[in-house]
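Following: one structure in structure tokens, then a few remarks.
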Amino acid sequence: MTAKILDGKLMAAQMREELRVEAARLAAAGMRPGLGVILVGDNPASRSYVTAKEQACKDIGLYSDDNHLPASTSEADVLALIRRMNADPKIHGILVQLPLPKHIDESRALLAIDPEKDVDGFHPVNVGRMVIGEKAFLPCTPHGVVQMLARSGVQTSGRHVVVVGRSNIVGKPVANLLLQKKPNANATVTICHTGTPDMGMFTRQADILIVAAGRPNTVTADMVKDGAVVIDVGVNRIEDVTKKAGFRLVGDVDYEGVKEKASLITPVPGGVGPMTITMLLFNTVESARDALARAQKA
Ligand code: NAP
């Protein structure tokens with residue numbers, strides 16, 4: 001069997017068009033969705049992520065308040081900016097790009113964000129709401145994975161999902177989301193990590209295999225069941241002298257081998273990545289919709 005490709009770029013473009021229409025509707029009702037962005041320092045990867053997020057906002061008609069601050073910015077100034085954004089009615093979502101320079105306490109910065117504007121879904125209030133199944137801002141990459149499965153008609157209820165990786169930003173939340181007794185979830189979920197002996201014994205049982213380990217070739221074809229759905233979250237740079245940049249991007253899955261066994265597979269790049277930014281836009285639009293509903297009630 002050769003897998004069908006789950007095209008994240010195409011799916012993200014479709015969702016962004018839906019969000020553009022919804023943002024225009026909200027703007028016409030006086031609530032143009034707005035994102036406040038804080039980047040501190042000049043980490044090139046962070047800069048390119050932030051630029052892509054700011055551009056994506058503009059492309060679908062969101063207001064974006066972009067703050068690119070020097071690495072020497074004090075923690076007090078970053079906290080003051082977050083507080084200003086918390087109070088600004090034009091801003092419905094706040095994004096603090098991580099990592100922050102070492103002299104700024106990341107968790108203090110994330111805790112300073114009003115949970116009602118925490119569109120990255122990293123504030124413990126949103127994490128807690130997500131785990132107990134209440135309405136919450138869902139973290140963008142895990143939410144993107146759930147959307148990809150749902151929009152491509154992959155049934156999760158009653159299936160066995162195996163997640164490789166237990167980070168707070170991908171592994172744990174994606175496992176939690178798929179475990180919920182809700183539509184597009186209700187799966188039996190197993191989580192593997194570096195403490196798992198014989199990981200293949202678990203991954204070979206997966207109907208849906210989600211890999212977020214941060215290492216190339218963590219999952220090879222012998223670890224995958226025939227017909228499984230494989231979602232590769234990993235993004236790794238590997239040396240490639242044929243490329244101008246001297247490297248290329250690969251996922252955590254041995255794509256060439258695994259695509260001969262899976263029924264559906266995400267490529268890297270062009271799989272989960274484009275969905276992550278889209279879910280940030282989704283959360284910002286949702287936050288503006290909630291703000292409009294509150295304003296109409298008042
Ligand atoms: P992370 O914080 O480094 O966590 C990696 C997890 O994978 C850890 O739980 C680790 O286990 C586990 N792991 C590592 N090697 C393993 C192995 N050989 N066998 C079993 N488990 C293993 O990484 P992350 O932030 O979750 O990100 C994972 C990958 O996704 C990275 O490549 C990252 O760049 C990518 N990513 C992509 C997007 C996107 O938008 N496409 C977004 C976020 C992240 P331990 O806990 O035991 O150490």
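Given the structure is predicted, the values throughout are model-derived calculations rather than measurements. For ligands, and for the atoms within them, numbers begin at 1 and follow the listed sequence.
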Ion pair check, K53 and D120, cut-off under 4.0 Å
no
Check each heavy atom of M275 against ligand 1 and say whether those closer than 4.0 Å belong to the side chain, the backbone, both or neither.
neither
Check this for me, if you would: do D118 and R129 make a salt bridge, where the nitrogen-to-carboxylate-oxygen distance has to be below 4.0 angstrom?
no
Please list the nearest protein heavy atom to atom 27 (O) of ligand 1 with its residue and the distance rounded to 0.1 Å.
V170 CG2, 4.3 Å
Strictly below 4.0 Å, N to O, side chains only: are D42 and R47 in salt-bridge contact?
no
Of A212, G8, G214, G171, the residue with the heavy atom nearest atom 31 (C) of ligand 1 is G214
Can you pull out the closest protein heavy atom to atom 16 (C) of ligand 1? Residue, atom name and distance to 0.1 Å, please.
T194 CG2, 3.7 Å
Short list, please: which atoms of ligand 1 are under 4.0 Å from a heavy atom of G234?
29 (C), 30 (O), 32 (O), 35 (C)
How far is atom 32 (O) of ligand 1 from its nearest protein heavy atom, and which residue and atom name does that atom have?
V235 N, 3.0 Å
Per-atom contacts of ligand 1 with I169, taking only distances under 4.0 Å to non-hydrogen atoms:
25 (O)
Do M85 and N67 touch side chain to side chain, with heavy atoms closer than 4.5 Å?
yes
Do the non-hydrogen side-chain atoms of P142 and M130 ever get within less than 4.5 Å of each other?
no
So, regarding G165 and ligand 1 (criterion: nitrogen or oxygen to nitrogen or oxygen, under 3.5 Å), is there a contact or not?
no
At a 4.0 Å threshold, what atoms of ligand 1 neighbour a non-hydrogen atom of G273?
40 (O), 41 (N)
Side-chain heavy atoms nearer than 4.5 Å, only ILVMFWY residues, links allowed to pass through others: does that put F137 and L177 together?
no
Can you find an N or O of R215 that's nearer than 3.5 Å to an N or O of ligand 1?
yes
Of H193, R166, K172, which has the heavy atom at the shortest distance from atom 46 (O) of ligand 1?
R166
Exercise: identify the closest heavy-atom pair between L178 and L149
CD2-CD1, 4.3 Å
Just need the protein heavy atom nearest to atom 17 (C) of ligand 1, so name the residue and atom and give the distance.
T218 CG2, 3.9 Å
Looking only at protein heavy atoms, which one is nearest to atom 26 (O) of ligand 1, and what is the separation?
S167 OG, 2.5 Å
Within one Ile-Leu-Val-Met-Phe-Trp-Tyr cluster: V50 and I38, side-chain cutoff 4.5 Å:
no
Nearest-neighbour protein heavy atom for atom 40 (O) of ligand 1, which is reported as residue plus atom name and distance
T276 OG1, 2.7 Å
Report the C-alpha separation of V37 and Q97 in whole Å, then their side-chain angles, then the decisive distance to 0.1 Å, and conclude whether the side-chain contact (heavy atoms from CB on, under 4.5 Å) test is met.
CA-CA 8 Å; V37 179; Q97 183 66 43; 5.9 Å; no
With the 4.5 Å side-chain cut-off for hydrophobic clustering, are V154 and V189 part of the same group?
yes
Identify, for atom 5 (C) of ligand 1, the protein heavy atom at the shortest distance, and state residue, atom and that distance.
A213 O, 3.5 Å
Closest non-hydrogen protein atom to atom 36 (N) of ligand 1, residue and atom name please, with distance?
V233 O, 3.7 Å
